[in-house]
Amino acid sequence: MQNKLETIENAEQVLYKTYNRFPVVFDHGNGVHLYDSEGKEYLDFGAGIAVAGLGYNDPEYTQALTKQAGKLLHTSNLFYNQPAVDAGQKLLKAAEMEKVFFTNSGTEAIEGALKIAKRYAFNRDGHGGHEIIAMKHSFHGRSLGALSVTGNDHYQEPFAPLLPGIRFASFNDLDSVKELVNEHTCAILMETIQGEGGIYPATEEFLTGVRKLCDEHGMLLMLDEIQCGMGRSGYMFAWQKYGVKPDVMTVAKALGNGVPIGAFLACGKAATAMQPGDHGTTYGGNPFVCAAADKVLELFEKRQITEHVKEIGGYLWEKLEQFVKDHDCAVDHRGMGLIQGVEFNRPAGEIVKKALLENRLVLISAGSNVIRFVPPLVISKEDVDMMVEKLKKSL
Ligand SMILES: *Cc1c(COP(=O)(O)O)cnc(C)c1O
């Protein structure tokens, strides 16, 4: 194996520098643990940014990948393949939706959702120029369409001009949404629980109000469940906790447990808005990634992952409440299930770095002052206890 410093040095030479990475080279994983190139063990409470829901190196999952890899990886969407049907059926059932389109990432799922919104409005009145309302402090991805609906000036500024007709309301402020609605508005897009923005769940009043507003004005409600979906909230999709169903939903991250796959799902008029020829992808929904998603969905059901998340999420909640009580530097605690955040009165980056390098605990920040806890969904109470110990040592 290459030595660590050599790997890092070579990486800095070849990889386009859009990240400031931590000086750690991970080599393999098992359960909720990662192991670096020197064999050191880390407790993982980041899951590769909310991706590895089933943890690492799950035998049943790995076996399904191996089996499909030896059979067929890719055929293009000019033909049918069985894993896409299997994964699609399971996903639609879990999401109570009618149609699904598989993508390669979250940002592409958002692109698809935006196209549904535009096409839906075009079908309705035969002209373009429609407007979409998104939220401040949101995050929807890095491609230009998704960046256009990401309410973050810092991300947007160097790449302007972006998509026209996007207006930003304040999350959890229904009046701020109402003020932006006009006869050109065709859709409202938001995360059910804002992730990158600092772990802010939608209030019930807000989500219910936005749904009602969409119904009154014939607008689509589009919920981004890329981070908070796939069991993380304690429900398969976070909106199921609120009983507010979207017209369009995006998923990715934990859907493939590490294999790159996302999806946009639709029901009602949104499910038939786009026509053959309107959208496509070469890789999207290929047999390999769909076999992965199919197995993930099967294992979620078989192992009753959402029930486990409800229980262990409650335990994490108690522990973090106590942590915030005991530490003056911790000022707030938000979230649900296994998507929780603690806000500090100083930059979270220092704590995250110390946790990683000195205490071998993988954490991720969200915004500048928030640490988000998005571990593999299969963690145990002992893992939570261990995490809190390590976190305390990292302050
Ligand atoms: C990560 C994320 C995205 C973008 O997904 P990528 O796979 O990185 O393109 C979009 N929306 C939300 C809420 C996310 O957390």
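Computed from heavy atoms alone, side chains included, the values below leave out hydrogens, waters and symmetry copies. One-based numbering, in listed order, for ligands and for the atoms of each.
Residues passing the side chain to side chain donor-acceptor pair (under 3.5 Å) test with Glu298, sequence neighbours excluded: Lys295. Scored by the salt bridge (charged side-chain N to carboxylate O under 4.0 Å, His left out) test, Lys118 finds no partners at all (sequence neighbours excluded).
Cation-pi contact between Lys71 and Phe288: absent, since separation from the ring centre below 6.0 Å together with deviation from the ring axis within 45° is not met.
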Name the atoms and distances for all side-chain donor-acceptor pairs under 3.5 Å in residues 242-252, with sequence neighbours left out.
unit_1, atom_1, unit_2, atom_2, d
Tyr242, OH, Ala202, O, 2.6
Lys245, NZ, Glu96, O, 2.6
Asp247, OD2, Arg211, NH1, 3.3
Asp247, OD2, Arg211, NH2, 3.0
Asp247, OD2, Leu221, N, 2.8
Thr250, OG1, Asp224, OD1, 3.1

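The protein residues lying under 4.0 angstrom from ligand 1, judged by non-hydrogen atoms, are Ser105, Gly106, Thr107, Phe139, His140, Gly141, Glu191, Asp224, Ile226, Gln227, Lys253.
Between the side chains of Asp36 and Tyr42, a donor-acceptor pair is found at a separation under 3.5 Å.
Counting heavy atoms of neighbouring residues, nucleotides and ligands inside a 6.0 Å radius, atom NZ of Lys390 exceeds 12 of them.
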